[in-house]
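Each chain gets a letter, A, B and so on, in the order the sequences are listed, and its residues count up from 1. Keep in mind that this is a model prediction, so the values were computed, not measured.
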Amino acid sequence: MDPFLLIRLYFEFFKTGLFSIGGGMATIPFLQHMGESTGWFTNQQLTTMIAVSESTPGPLGINMATYVGFETGGIPGSLAATLGVITPGIIIILIIASFLNKFRNNRNVEAVFSGLRPASTALIVSAGLTVAASIFFTSNNLSPDSFPAVRWPTLILAVAAFSAMQWTPLKKLHPICYIAAAAVIGIMFQF
Amino acid sequence: MKFYLDLFLTFAKVGGLTFGGGYAMLPILQRDVVEKKGWVTMEDVTDYYALGQCTPGIIAVNTSVFIGHHLRKIPGGIVAALGVVFPSFVVITLIAAFLANFDQLPVVRHALAGINAVVVALIASSVVKLGKTTLKNAPSLCVFLGVLILGELAGLLGLPENTPAGTVLNFLSNPAVLVVLAGIVGWLLFRSRNRTKEGNG
């Protein structure tokens with residue numbers, strides 16, 4: 001194992017982690033550039049890696065880093081890439097968190113957070129809508145002239161699951177139960 | 001030491017049950033970290049989530065570091081981060097080594113289509129609970145609607161990026177930009193409000 005390759009992997013992913021703001025999808029342009037400049041992987045391979053990362057548990061950005069790292073340098077490579085992509089975030093958040101502890105009860109800070117909470121809620125709704133649009137319709141194009149067909153089975157499953165979650169006897173059920181049941185239903189009914 | 005193990009394993013569970021981006025971890029966080037362990041409140045999670053969106057790095061990792069730091073300072077933050085990435089590390093390494101065509105397997109595609117539908121329902125359910133604490137008054141509701149509309153407008157109108165309006169809207173639809181704007185608006189809207197509340201109390 002070439003130690004220089006590991007150091008390069010770590011720093012390439014450190015850069016990705018440092019400059020991608022807003023989650024896993026934000027890392028993709030950086031990864032495209034990384035593939036082109038280092039020759040570690042082609043765009044074709046990157047597409048496969050994105051598809052696999054999306055079909056496995058875990059945050060997308062982490063899955064991508066682990067995958068690229070493994071393909072480039074085996075298990076040490078995946079370790080270097082994963083640690084690289086999370087290091088900047090860890091350092092920055094630890095600094096912010098310690099400042100936050102000091103100023104948490106400051107009136108101005110509290111006012112800023114009063115604005116952040118509804119914004120954060122809206123961003124979660126927005127992310128949910130994006131996922132919903134991509135799985136409930138057969139095309140992402142929502143313009144009237146090419147109105148996409150509805151994927152009824154997934155829509156019905158989502159509505160049924162949501163209703164079940166609001167029903168008091170099932171409220172205590174852990175999300176894992178729904179995820180496991182959904183996987184079984186998806187396989188049984190060939191979603 | 002026992003606490004750190006608990007912290008690591010709890011976040012490993014969160015990471016292992018997150019299908020999709022950082023938003024998909026919310027229902028699991030809500031159930032395990034807020035309701036079961038009582039480590040943080042849902043309001044804390046919302047704050048961390050907002051900050052995690054406008055800081056560099058992976059949202060899921062950033063949010064975990066915040067919670068870990070809240071519990072056990074720097075070691076807590078690092079242990080939580082390592083916990084949340086651990087399942088990805090194991091699963092992806094195994095798949096990359098043994099199942100190169102994993103995403104093409106019919107059984108995986110069918111299972112995932114089902115899982116994604118339920119993830120949307122889980123997020124919707126979490127948002128309903130979340131909204132009860134974060135959208136309690138008119139100004140909060142305005143910020144919520146403002147961010148939601150600005151975030152979606154660029155995509156819905158589909159303006160080309162080379163027009164001035166398209167450029168502005170695309171810039172505004174960036175979550176990091178929206179979080180910063182909401183912070184400023186919050187400061188302007190709630191500064192005087194909190195002062196009156198203190199005066200009354």
Side-chain angles (χ1 to χ4, degrees), chain A residues 17-18 21-24 51-52 55-63 66-67 70 78 82 86 88-90 92-94 97 107 110-128 131-132 135 154 157-158 161-162 165 175-176 178-179 182-183 185-187 190-191, chain B residues 15-16 19 21-23 27-28 46-47 49-50 55-62 65-66 69 74 77 81 85 87-89 91-93 96 102-103 110-118 120-125 127 130 134 140 143-144 147-148 151 175-176 182-183 185-187 190-191 194:
Chain A
L18 185 60
I21 299 177
V52 172
S55 22
T56 44
L60 184 60
I62 301 300
N63 290 354
T66 309
Y67 205 139
F70 183 85
S78 63
T82 310
I86 65 175
I90 293 180
I92 291 165
I93 299 296
L94 287 176
R107 194 199 298 138
E110 188 46 47
V112 169
F113 275 108
S114 300
L116 289 188
R117 278 176 211 138
S120 182
T121 311
L123 289 173
I124 296 166
V125 172
S126 193
V131 183
I135 65 166
T154 47
L157 178 62
F162 181 79
M165 286 165 205
I176 194 175
Y178 290 100
I179 293 174
I185 293 171
I187 294 167
Q190 305 274 301
F191 272 29
Chain B
F19 282 85
Y23 53 86
I28 324 285
T46 324
D47 293 351
Y49 196 87
T55 42
I58 315 294
I59 300 171
V61 176
N62 292 357
V65 174
F66 266 124
H69 181 272
I74 294 174
V85 303
S88 300
F89 184 74
V91 172
I92 293 287
T93 305
F102 180 79
D103 61 304
H110 295 318
L112 204 69
I115 290 172
N116 280 336
V118 156
V120 169
L122 284 168
I123 294 169
S125 190
V127 165
L130 192 62
T134 58
S140 305
V143 174
F144 171 81
V147 169
L148 191 59
V185 171
W187 182 68
F190 292 95
R191 198 173 33 139
N194 290 352

- request: Heavy atoms only, distances under 4.5 angstrom: which of I74(B), L130(B), N62(B), I28(B) has the most pairs with chain A? Name it, please.
  value: N62(B)

message: Looking only at heavy atoms and a cut-off of under 4.5 Å, which of T154(A), L18(A), T56(A) has the most pairs with chain B?
response: T56(A)

message: Need one label for Y178(A): side chain, backbone, both or neither, based on atoms under 4.5 Å from any heavy atom in chain B.
response: both

- prompt: How many angstroms lie between atom CG of L116(A) and atom CH2 of W187(B), to the nearest 0.5 angstrom?
  reply: 14.0 Å

- line: Heaviest contributor of heavy-atom pairs below 4.5 Å to chain B, chosen from A161(A), S120(A), A51(A), G128(A), is S120(A)

field: Shortest non-hydrogen contact between T55(B) and I93(A), atoms and distance
entry: OG1-CD1, 3.5 Å

- prompt: Which answer fits V120(B), side chain, backbone, both or neither, if we ask what part of it has an atom under 4.5 Å from a heavy atom of chain A?
  reply: side chain

query: Any idea which of S140(B), P27(B), P87(B) has the most non-hydrogen atom pairs under 4.5 angstrom with chain A?
result: S140(B)

message: Minimum heavy-atom separation for H110(B) and G186(A), please, with both atom names.
response: CB-O, 3.2 Å

message: Less than 4.5 Å to any heavy atom of chain A: does that hold for the side chain of V91(B), its backbone, both, or neither?
response: side chain

task: Measure the shortest side-chain to side-chain distance between D47(B) and R117(A) over non-hydrogen atoms and say whether it is less than 4.5 angstrom.
output: yes

Proximal component of V85(B), with respect to chain A [non-hydrogen, under 4.5 Å]: both

field: chain A contacts, top residue of N116(B), L112(B), V127(B) (heavy-atom pairs, under 4.5 Å)
entry: L112(B)

query: Is there side-chain contact between F19(B) and I179(A), with at least one heavy-atom pair below 4.5 Å?
result: yes

field: Least distance between heavy atoms, F89(B) atom then S78(A) atom
entry: CE1-OG, 3.3 Å

message: Counting heavy-atom pairs under 4.5 Å with chain B, which one of S55(A), G17(A), S126(A), A119(A) comes out on top?
response: S55(A)

- line: Scored by heavy-atom pairs under 4.5 Å with chain B, the best of T82(A), T66(A), I92(A), I176(A) is T66(A)

query: Is F144(B) close to V125(A) at the side-chain level, that is, under 4.5 Å between some pair of heavy atoms?
result: yes

field: Proximity breakdown for L122(B) and chain A, heavy-atom pairs closer than 4.5 Å
entry: both

- prompt: Between I90(A) and A81(B), what is the shortest heavy-atom contact and its length?
  reply: CD1-CB, 3.6 Å

Part of I115(B) lying under 4.5 Å from any heavy atom of chain A: both

query: Which is it for N63(A) and S88(B) under the side chain to side chain donor-acceptor pair (under 3.5 Å) test, yes or no, and what are the steps along the way?
result: CA-CA 6 Å; N63(A) 290 354; S88(B) 300; 2.8 Å; yes

field: Pick from P118(A), P59(A), G89(A) with the largest number of heavy-atom pairs that fall under 4.5 Å of chain B
entry: P118(A)

message: Please rank A132(A), P88(A), A127(A), A158(A) by heavy-atom pairs under 4.5 Å with chain B and give me the top one.
response: A158(A)

message: How close do M165(A) and A121(B) get, counting heavy atoms only, and between which atoms?
response: SD-O, 3.7 Å

message: So V65(B) and L94(A), do their side chains get closer than 4.5 Å, heavy atoms only?
response: yes

Option that, when pairs with chain A are counted at under 4.5 Å, heavy atom only, ranks first among V185(B), T46(B), I92(B): I92(B)

